[in-house]
Amino acid sequence: MSINATLFFQIIVFFVLVWFTMKFVWPPITKALDERAQKIADGLAAADRAKSELTAVNQRVEKELAQTRNETASRLADADRRAQAIVDEAKARATEEGNKIIAAARAEAEQQMIQAREALREQVAALAVKGAEQILRKEVNAGVHADLLNRLKTEL
């Protein structure tokens with residue numbers, strides 16, 4: 001055989017191999033590559049969607065956190081106001097109770113002062129009667145002179 005026949009058969013075998021490859025081997029490979037490219041594109045699109053969803057969720061979380069912080073600050077302020085109101089009310093009640101106690105103590109002191117004056121009058125009246133007895137050198141009858149002794153007590 002000559003080099004031309006070998007070359008001719010090699011060219012025919014090459015074209016048969018190319019045709020066989022194009023007909024039976026190349027379509028599954030391109031199909032697999034296209035499917036792989038589609039999966040990669042879908043994965044990238046899903047990642048982009050997930051990233052945008054994550055951003056949206058982060059924004060919602062930040063808004064909710066800010067709202068929760070505001071509510072918490074509001075509740076704490078309300079609690080502080082209530083506590084201050086309770087303290088003020090307790091102070092007012094304590095002041096009122098203290099005023100009542102002071103008034104009661106003053107009334108009791110006034111009552112004791114009146115009782116002490118009465119006792120002092122009684123003692124002065126008794127001393128006056130004793131002094132009169134000694135001056136007159138006779139006994140003064142308390143029953144007989146009750147009117148006189150009462151006037152003496154009121155004058156003192």
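Please read all numbers here as calculations on a predicted model, not as lab measurements.
The distance from the CD atom of Q59 to the CG atom of L54 is 10.0 Å, given to the nearest 0.5 Å. To the nearest 0.5 Å, atoms NZ (K63) and OG1 (T68) are separated by 13.5 Å. Summarising the geometry, atom CZ belonging to F15 is positioned 12.5 Å from atom OG1 belonging to T21; distances are rounded to the nearest 0.5 Å. Here R82 contributes atom CZ and R75 contributes atom CZ; the two are 10.0 Å apart, rounded to the nearest 0.5 Å. Note that CD of E97 is 11.0 Å distant from CD1 of I102, once rounded to the nearest 0.5 Å. Going from atom CH2 of W19 over to atom CZ of F24 covers 5.0 Å, rounded to the nearest 0.5 Å.
Applying the side chain to side chain donor-acceptor pair (under 3.5 Å) test to R93 and every residue at least two apart in sequence or in another chain returns E89. For R81, the side chain to side chain donor-acceptor pair (under 3.5 Å) partners at least two apart in sequence or on another chain are D78.
Residues K100 and E96 are paired through a salt bridge, judged by an N-O separation under 4.0 Å between the basic side chain and the carboxylate.
Looking at Q84 and D88, their side chains do bring a donor and an acceptor atom within 3.5 Å of each other. Side-chain contact of N58 with E62: a donor-acceptor pair under 3.5 Å is absent, judged by distance alone.
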Going by atom type alone, with no hydrogens or angles, which donor-acceptor pairs under 3.5 Å involve a side-chain atom of residues 109-116 and a protein atom two or more places apart or on another chain?
| unit_1 | atom_1 | unit_2 | atom_2 | d |
| --- | --- | --- | --- | --- |
| Q112 | NE2 | E108 | OE2 | 3.4 |

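Residue I3 is not grouped with residue I11 when hydrophobic side chains (ILVMFWY) are merged at heavy-atom distances under 4.5 angstrom, including chains of intermediate members.
Nearest heavy-atom pair across P28 and V25 is CD-O, 3.2 Å.
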